[in-house]
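These notes concern the structure reproduced below.
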Amino acid sequence: MSELPEDKYWGMPLNTYCMLLHLSQLASIIMPGLGFVLPIVMWATNKDKNETIDRHGKVTLNWMISLFIYSLVCIVLWIVIIGMLGFFVLVIMNLIFAIIAAVKANDGELWVYPLSIKFFKV
């Protein structure tokens, strides 16, 4: 009896793809802006093919939009020095949250980022 081939997304199994979807937001470390564009492209190209990818993409986008809003608040607060601390905290949170979400996605779980505003219903 032969096994059915597993669906591949960009040549990767589902859990690996979802893991990289979360980690892709860290691509801004390599090139500014890439960490915003890459997750959107990964989600948009496969969201209609698999419900799991759609859910992981929405969770990631909710966090990215929330992070952008929090960054704008930090820009305003930069005047009173607290904005610098805020940016530092946001960078650390983004790194930690992306890693946690990626590990959970690789295990087949959906992890909703804490502090993310729900723009897209999951």
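From a predicted model like this one, the values you see are computed outputs, not experimental measurements.
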For a quick test of reading the model, state the closest non-hydrogen atom pair linking [X] to [Y] and the distance between them.
X    : Y    : value
M12  : L20  : SD-CD1, 3.1 Å
A105 : H22  : CB-CD2, 3.8 Å
N106 : N15  : O-ND2, 3.4 Å
S28  : G33  : OG-N, 3.6 Å
K118 : Y113 : NZ-O, 4.5 Å
F119 : S66  : CE1-OG, 3.9 Å

Rounded distance [0.5 Å steps], [atom1] in [X] versus [atom2] in [Y]:
X   : Y   : atom1 : atom2 : value
Q25 : L95 : CD    : CG    : 9.5 Å
R55 : T60 : CZ    : OG1   : 12.0 Å
I69 : C74 : CD1   : SG    : 12.5 Å
I29 : L34 : CD1   : CG    : 11.0 Å
I82 : I79 : CD1   : CD1   : 13.5 Å
K47 : M42 : NZ    : CE    : 15.0 Å

*Around F88, counting heavy atoms of other residues, nucleotides and ligands shown, do more than 12 lie under 6.0 Å from its CZ?*
no

*asked:* Does F36 have more than 12 heavy atoms from other residues, nucleotides or ligands lying within 6.0 Å of its CZ?
replied: no

*asked:* Run W63 and V112 through side-chain contact (heavy atoms from CB on, under 4.5 Å) and show every step you take.
replied: CA-CA 9 Å; W63 170 244; V112 178; over 6 Å; no

Just so I know, are the side chains of [X] and [Y] near enough to count as touching, which here means a heavy-atom distance under 4.5 Å?
X    : Y    : value
K58  : W43  : yes
I75  : S71  : no
I99  : I96  : no
L110 : K104 : no
N62  : I117 : no
V59  : F120 : no

Under a single-linkage definition using a 4.5 Å side-chain heavy-atom cutoff for Ile, Leu, Val, Met, Phe, Trp and Tyr, are [X] and [Y] assigned to the same hydrophobic cluster?
X    : Y   : answer
M31  : I40 : yes
F87  : M84 : yes
I81  : W78 : yes
I100 : M19 : yes
L21  : F68 : no

*Would L14 and D7 count as a side-chain contact (heavy atoms from CB on, under 4.5 Å) if you check the C-alpha gap in whole Å, the side-chain angles of each, and the deciding distance to 0.1 Å?*
CA-CA 7 Å; L14 177 63; D7 286 338; over 6 Å; no

*What orientation do Y9 and Y17 show, parallel under 30°, tilted 30 to 60°, or perpendicular over 60°?*
tilted

*Is a donor on one side and an acceptor on the other found under 3.5 Å between the side chain of Y70 and the backbone of L115?*
yes

*Return yes if some donor-acceptor pair links the side-chain N/O of N50 with the main-chain N/O of T52 below 3.5 Å, else return no.*
yes

